[in-house]
Each structure stands twice: as structure tokens, then as C-alpha cells.
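Before any comments, here is the structure.
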Protein chains: 2
Amino acid sequence: MKQKYRMITTLRQRGHRITPQREMIIQAMMHQRRHLTAEAIFALVRDQSEAINLATVYRTLDFLVREGLINRTDLGDGSFIYTTADHGSHLHLVCSNCQQITEASYEMLASLQHELSCQYGFQAHLHHLAITGLCEHCREEQGVSS
Amino acid sequence: MKQKYRMITTLRQRGHRITPQREMIIQAMMHQRRHLTAEAIFALVRDQSEAINLATVYRTLDFLVREGLINRTDLGDGSFIYTTADHGSHLHLVCSNCQQITEASYEMLASLQHELSCQYGFQAHLHHLAITGLCEHCREEQGVSS
DNA sequence: GTGTATGCAAATTATTTGCAATCGA
DNA sequence: TCGATTGCAAATAATTTGCATACAC
């Protein structure tokens with residue numbers, strides 16, 4: 001319940017204000033340490049206090065992304081998830097059938113990143129890329145083919 | 001101007017109706033052979049005829065995707081582009097600075113796809129993946145660091 | 001003729017914004 | 001104190017839907 005999160009100290013050091021709303025949002029994110037949608041974060045915080053507004057959640061998430069403390073990842077269908085930046089880089093595998101998200105090692109992208117840089121001069125931002133497909137479970141269940 | 005597109009024949013064979021609207025949308029897509037947004041397709045068609053409605057464009061694009069004749073790719077910011085399926089699979093490199101889209105060879109993804117399948121049992125759908133980053137031009141212009 | 005496809009306008013969903021009130025440093 | 005931050009409600013943006021009409025086959 002105290003300010004045991006470095007993220008809060010960091011923000012304070014940078015001269016930003018720590019409001020109860022920001023504190024609750026950060027707390028919810030750090031506690032879950034997962035891929036959360038804005039709506040999910042709102043629900044989590046709402047759960048512990050009425051003093052929160054969805055607009056504030058969006059503004060705060062946007063703010064934290066700008067501060068580089070959290071990441072925003074496009075899930076591939078136009079929706080987004082947020083993850084704590086210190087959570088490390090991950091490759092999100094989104095199942096188009098059951099919507100479940102698996103986290104794969106970021107290392108898988110190393111060679112791709114290198115190739116894109118060499119062949120196209122393109123500096124890919126892959127910190128939190130999401131790839132759509134069929135997870136192991138649904139793959140077995142759905143089709144035998146492929 | 002009155003070209004015969006295989007796509008139209010295919011649809012007819014499958015028992016679907018060919019309306020002037022569908023014809024115009026298909027024509028616009030085949031003629032451009034590019035990554036187009038729904039809005040862009042609407043503008044192109046609107047340009048040659050008033051007899052088109054944005055809702056129809058969305059419905060038709062959705063229909064063509066379901067029929068497997070075109071692809072829809074998430075650009076990474078919640079917006080989408082459509083490409084003709086016979087255009088082949090491509091890796092879209094979206095510059096977060098200048099918004100320009102470069103198409104990279106699909107082969108770059110082969111090993112990634114293989115690895116994901118082996119290590120996670122995940123069958124990735126990468127036909128039209130989009131990756132965000134900095135293009136060669138903006139990379140040079142923007143920062144020396146990288 | 002029959003049922004699919006379209007137009008139009010209203011609904012939806014997710015997110016953003018204006019502005020007055022509030023509150024942290 | 002005083003400007004950064006919030007709440008609220010209204011504004012957006014992109015896409016979808018209901019329903020009556022139009023038209024492809």
C-alpha cells in the first residue's frame with residue numbers, strides 16, 4: 001500500500017505529481033504484471049476505489065508510456081494491452097481462436113531484427129510485438145491439417 | 001477500363017452477386033495493387049461514381065476477406081490496410097515517423113514461424129504482418145544513435 | 001419474383017478532449 | 001499559492017447495424 005514502487009519514485013524525481021489515481025493505476029499494473037487492457041486496469045482500480053474515471057486511466061496510461069515506464073502493444077485487431085516496461089521485452093502470441101496470450105522469448109526476433117536492418121535499413125521496434133495465430137491447444141482441437 | 005478480373009469470375013462461380021459497387025471496389029484494388037485503407041478505397045471509388053456508400057465499402061471489404069480474396073493487415077496503431085490476396089504474402093514495414101510503408105520479403109519470417117511452431121506449438125499467421133519502426137530515411141535524419 | 005446487397009441514418013466501441021473544479025508539492 | 005491533474009460529459013473516429021428499398025440473377 002505504501003510507495004514501494006520505483007516507478008513512483010522515478011516519476012516524483014522527474015517532477016511529476018503522484019496522485020492517488022496514478023498510484024492506484026501503477027499499483028494495479030505492478031501487482032498484475034500482465035498484459036492488461038485499459039478497460040481491465042480501470043476495472044481493477046475501480047474495484048478498490050470509486051475515485052477513478054476511465055478518462056483518467058487513458059490519460060495516465062498515455063502518460064506512463066510517454067515516460068517510458070510502460071509499453072503499449074497492438075494485439076492485431078485494433079485493441080491494445082499495456083505492460084510494465086521492466087517486465088522486459090516479450091513477443092506476444094495471440095490466439096485468434098481462444099484469445100489467450102502467450103509470451104514467447106524476445107530472442108526469437110533477434111535475427112529478424114538484424115536482417116531487416118541489414119537488408120532494408122529498417123530499425124524495427126519489436127519490444128512488444130504481437131503475433132496472431134493458433135495456440136497449441138486450439139491447433140490440435142480445430143484442424144488436423146497443417 | 002472494363003477489365004475482366006478473375007476475382008469477379010470467382011465470386012460469380014461461388015454464387016455471389018456482382019453489383020456495380022463490388023465491381024468498382026475490386027477494380028480499384030486491383031488497379032492500385034497496394035496497401036489501401038477502407039477510406040482510401042472509398043475515395044478512389046467515389047472518384048469515379050457517386051453510387052457508393054462508405055458502409056458498402058466496409059461490407060464489401062469484409063466480404064472479400066471472408067472469401068479469401070483480399071487480406072486485412074493491422075498496421076500496429078489500430079488502423080488497417082487491405083491488399084489483394086494474389087499479391088502474395090508480404091511483411092509490411094511501417095515507419096512510425098513518416099508513415100511510409102515498405103514491403104519486405106516474406107521469407108524473412110520463415111525461420112521465426114518455424115521456431116514458434118517448434119518451441120511453442122504456435123501456428124503463426126504471418127501472411128500480412130506489419131512491423132513498426134524507423135525507415136532508412138528517417139533513421140538517418142532523426143538520430144545518429146541507434 | 002426472390003432474396004441478396006445497398007443506402008441512409010442511427011448505434012456502437014474505444015478513445016480523446018474542453019473546461020471548470022480540485023489538489024499535490 | 002498555482003499550475004498540474006481530474007471528473008464529467010460531450011466530441012471524435014472508425015466501423016457496424018437495422019431496416020426499407022433497389023436490383024442481380
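The chains referred to below are lettered A, B, ... by the order of the sequence lines, with proteins before strands, and numbering in each begins at 1.
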Interatomic distance, [X] [atom1] vs [N] [atom2] [rounded to whole Å]:
X: A/Asp77; N: C/dA14; atom1: CG; atom2: C1'; value: 12 Å
X: A/Phe42; N: C/dA14; atom1: CZ; atom2: P; value: 13 Å
X: B/Arg66; N: C/dT4; atom1: CZ; atom2: C1'; value: 12 Å
X: A/Leu61; N: C/dT15; atom1: CG; atom2: C1'; value: 12 Å
X: B/His16; N: C/dG3; atom1: NE2; atom2: C1'; value: 14 Å
X: B/Leu54; N: C/dA11; atom1: CG; atom2: C1'; value: 15 Å
X: A/Leu75; N: C/dT15; atom1: CG; atom2: P; value: 11 Å
X: A/Phe80; N: C/dT13; atom1: CZ; atom2: P; value: 18 Å

Interface limits on DNA chain D, where chain A has a heavy atom under 4.0 Å of a nucleotide atom: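 Listed 5' to 3', the contact boundaries are D/dG3 to D/dC8.
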5′-ward residue of the pair B/Pro20/B/Arg59 relative to DNA chain D: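 That would be B/Arg59.
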Upstream residue (5' side of DNA chain D) when B/Arg17 and A/Gln21 are each assigned their closest nucleotide: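 Nearer the 5' end of the strand: A/Gln21.
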Parallel, tilted or perpendicular, as decided by the 30° and 60° cut-offs, for the rings of B/His127 and B/His125: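 Geometry flag for B/His127 against B/His125: parallel rings.
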OP1 or OP2 of C/dC8 under 4.0 Å from side-chain N/O of B/Asn53: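 Checking B/Asn53 against C/dC8: at least one side-chain N or O falls below 4.0 Å of OP1 or OP2.
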Presence of B/Thr19 side-chain N/O under 4.0 Å of C/dT6 phosphate oxygens OP1/OP2: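 Answer is yes, contact under 4.0 Å.
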Sugar-phosphate, base or nothing in reach of A/Arg22, heavy atoms under 4.0 Å: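 It contacts sugar-phosphate atoms only.
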CZ/A/Arg33: more than 12 non-hydrogen atoms of other groups inside 6.0 Å: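 Yes, CZ of A/Arg33 has more than 12 neighbouring heavy atoms, counting only those of other groups under 6.0 Å.
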Closest approach of A/Cys138 to A/Cys95 (non-hydrogen atoms, all atoms of both residues):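 A/Cys138 and A/Cys95 have their closest heavy atoms at SG-SG, 3.8 Å.
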Side chain A/Asp74, main chain B/Gly78, donor-acceptor under 3.5 Å: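 Between the backbone of B/Gly78 and the side chain of A/Asp74 there is a qualifying donor-acceptor contact (under 3.5 Å).
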A/Arg14 side-chain N/O to A/Glu67 backbone N/O, donor-acceptor pair under 3.5 Å: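 Checked: pair present.
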A/Gln100 side chain to A/His137 side chain, donor-acceptor N/O pair below 3.5 angstrom: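 No, A/His137 and A/Gln100 have no side-chain donor paired with an acceptor closer than 3.5 Å.
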Single hit among A/Leu36, A/Leu64, A/Asp62, A/Thr83 for side chain to side chain contact (heavy atoms under 4.5 Å, CB included) with A/Ile70: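 Of the listed options, the one satisfying the test is A/Leu64.
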